[in-house]
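Naming convention: chains lettered A, B, ... in sequence-line order (proteins, then strands); numbering from 1 in each chain.
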Amino acid sequence: MKIYNTYTNKLETFIPNNEGKLNIYVCGPTVNKKTHIGHMYPAVFFDTLVRYFRYKGYQVTYASNFTDVDDKIIQTAIEQNITEKEVADKYEKYYLNDLSSLNCIPVDYRPRVTEYIDEIIDFINLLITTNHAYKNGDDVYFDINSIDNYGSLSNQKTENLDYGNRIEIDTNKKNPYDFVLWKSTDQGIKWQAPFGEGRPGWHTECVVMINKIFNGKIDIHGGGIDLVFPHHENEIAQQQAAYNNNLASYWMHNGHIKLDGEKMSKSIGNVITVKELLNTYTPNTIRLSMLKNHYRAPLNISADVLEESKTIDNKILSAIKQTNLYINVNNLTVINIKDKTFEEYMDDDFNTSLVIAYLLDTIKNINISLRNNNTNEILKLYSIMTLIINILGLTYDIKQITNEDKEIYNLWNTCKASKDYTNADIYRKQLEERNII
RNA sequence: GGAGCCGUAGCCAAGCGGUAAGGCAUAGGUCUGCAACACCUUGAUCGCCGGUUCAAAUCCGGCCGGCUCCUCCA
């Protein structure tokens with residue numbers, strides 16, 4: 001199995017840290033606003049990835065966090081005169097709702113920053129005592145020059161970064177790219193620490209949570225492409241400083257979603273939420289739109305793309321209904337199988353685009369086999385189809401066909417054969433109402 | 001200024017050294033009591049120019065055109 005590792009910029013053979021086990025962590029959202037479709041892209045992709053690893057027999061532990069402390073949350077809390085927790089709770093619910101509406105399996109761990117404050121303080125203390133962090137003013141900073149190879153993930157040399165041109169230089173820092181570990185604050189939620197009253201910076205939480213939950217190095221660390229620098233770079237730096245190892249064996253990043261060719265942003269006003277999309281499109285359609293192209297490439301969402309996915313979704317649904325009916329009417333038994341072609345595509349850095357092409361090919365063959373009454377072929381293809389849709393996380397209401405259903409079906413056929421079309425249409429309507437055809 | 005990505009038929013998209021998968025749309029046809037579904041047929045030499053090679057969409061160089069990151073960001 002090959003996975004593209006952002007750390008080396010290469011396609012690498014996947015080797016788990018412990019055979020048969022897999023620890024994976026994906027950066028979750030900061031819960032300071034309504035989540036949009038872009039937040040769902042990594043969620044849907046990594047959900048598919050985890051489903052696949054489990055199918056392959058790995059015992060997967062999957063964690064994804066909520067950043068429930070940050071300046072914007074504090075700001076919102078002050079403005080609305082509610083607590084930070086109330087702000088975070090509201091948007092956590094919103095996000096979790098979106099996840100389940102897109103059929104994402106709940107993660108095994110959903111850590112929050114506020115639940116790890118003690119561990120974060122201990123961790124920062126460790127960095128201070130080992131001279132990787134320093135206090136200046138009221139804040140604590142990480143000293144990027146205290147480790148070798150800062151910039152190894154993003155391939156950045158700090159002297160080339162466009163620092164002063166973009167934001168004001170903080171004179172408290174030894175190096176402009178030193179980052180805040182602990183921020184002293186005079187407003188909003190704060191905690192007491194040996195180095196002062198304040199709140200943790202953004203980059204420390206993930207490192208601390210990962211070490212606590214997984215007890216050290218993980219296999220895969222994922223997130224959006226925008227997190228490569230500085231967030232993931234800084235996670236790597238802290239782990240290096242504290243424990244002298246790499247945080248993760250494989251770093252995976254998904255491309256961003258664009259809307260009608262434009263970057264989604266508040267200023268353009270083209271941010272679209274899952275709820276809004278669900279007014280017009282089904283969860284399957286949205287997942288298909290996301291999985292139709294490669295996860296690392298940017299994904300452009302447009303009406304054309306969604307309509308096309310909708311057509312694919314209907315094709316799948318139609319094939320499932322017909323096959324399910326055929327199997328039940330003929331009292332056949334479906335067996336779960338593994339499929340080599342499918343695995344070959346998934347093993348190639350999760351080429352879901354090829355998987356969907358293969359799905360469509362399978363469906364075409366199902367339709368041909370149904371016409372030819374080729375029972376063996378139908379059973380085999382049906383198994384492949386259901387395997388793929390399960391791992392892509394698509395859901396279809398596969399009806400249990402009852403004896404009554406079968407009876408109506410037989411009556412329909414009998415009426416058609418005797419050219420009694422009035423009654424045939426009645427039975428057809430009943431079958432449609434029962435969601436069978 | 002630095003790091004990196006992308007440019008394949010009307011649209012979406014795979015392929016990443018051996019001679020262009022697939023889907024949507026279009027057009028024509030088949031099946032069919034009527035519908036629906038389905039099936040068959042239907043199109044590109046891969047942004048431009050040069051180089052390497054027996055062989056390039058695939059490697060190298062230049063150019064043009066989009067884009068991302070370097071500040072919070074999935």
For a quick test of reading the model, state the closest non-hydrogen atom pair linking [X] to [Y] and the distance between them.
X	Y	answer
A/I147	A/F142	CG2-CZ, 4.3 Å
A/P200	A/I120	CB-CG2, 3.8 Å
A/F350	A/H294	O-CE1, 4.1 Å
A/N155	A/E233	N-OE1, 4.3 Å

Selection from [options] that lies nearest to any side-chain heavy atom of [X]:
X	options	answer
A/V305	B/C12, B/C69, B/C34	B/C12
A/S353	B/A14, B/A35, B/G23	B/A14
A/A424	B/A38, B/G22, B/G33	B/G33
A/A357	B/G22, B/G33, B/G15	B/G22
A/N155	B/A38, B/G4, B/A14	B/G4
A/N351	B/A14, B/C24, B/C70	B/A14
A/S318	B/C37, B/A74, B/G33	B/C37
A/E308	B/C24, B/G33, B/A74	B/C24
A/K416	B/C24, B/G33, B/C37	B/G33
A/D425	B/A13, B/C70, B/G33	B/G33

Taking atom types as modelled and ignoring hydrogens, do the side chains of A/Y281 and A/D313 form a donor-acceptor contact shorter than 3.5 angstrom?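 No, because no side-chain N or O of A/Y281 sits under 3.5 Å from a partner of the opposite role on A/D313.
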Strictly below 4.0 Å: does [X] bring a side-chain N or O up to OP1 or OP2 of [N]?
X	N	answer
A/K292	B/C24	no
A/K258	B/G66	no
A/K33	B/A74	yes
A/N300	B/C6	no

Which whole number of Å gives the distance between the [atom1] atom of [N] and that of [M]?
N	M	atom1	answer
B/G43	B/U26	C1'	10 Å
B/G65	B/G23	C1'	27 Å
B/U19	B/C54	C1'	13 Å
B/G2	B/U8	C1'	30 Å
B/A9	B/U45	P	10 Å
B/C46	B/C39	C1'	30 Å
B/G50	B/C12	C1'	32 Å
B/U52	B/U58	C1'	14 Å

Between [X] ([atom1]) and [N] ([atom2]), how many Å, whole number?
X	N	atom1	atom2	value
A/Y358	B/G15	OH	C1'	18 Å
A/K2	B/C16	NZ	P	13 Å
A/E307	B/G10	CD	C1'	17 Å
A/I316	B/A36	CD1	C1'	18 Å
A/I426	B/C34	CD1	C1'	15 Å

Base of B/G4, side chain of A/N9 - is there a donor-acceptor contact under 3.5 Å? no
Check: B/C37 base within 3.5 Å donor-acceptor of A/R371 side chain: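 A donor-acceptor contact between them is absent.
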Taking the six-membered ring where the residue is Trp, are the ring centres of A/H203 and A/H232 under 6.0 Å apart?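 No.
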So that I know where these two stand, are A/Y250 and A/F14 an aromatic pair - ring centroids less than 6.0 Å apart?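 Yes - the distance between ring centres of A/Y250 and A/F14 falls below the 6.0 Å cut-off.
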Let's test this: given Watson-Crick or G-U wobble pairing with both distances under 3.5 Å, identify the partner of B/A13.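 Result: none.
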Mate of B/C34 across any strand shown (Watson-Crick or G-U wobble, both atom pairs under 3.5 Å) is none
Touch class at under 4.0 angstrom, heavy-atom based, for [X] against every strand present:
X	result
A/K72	base
A/I257	base
A/K315	sugar-phosphate
A/L354	base
A/R296	nothing
A/T35	nothing
A/G223	sugar-phosphate

Kindly indicate whether the side chain of A/E92, heavy atoms from C-beta on, has any atom under 4.5 Å from the side chain of A/R112. yes
Could you check A/H36 against A/H294 and say which one's nearest nucleotide on RNA chain B is further toward the 5' end?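 On the 5' side of the pair lies A/H294.
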Of A/G38 and A/K419, the one whose closest RNA chain B nucleotide lies more 5':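 Here A/K419 is the residue nearer the 5' end.
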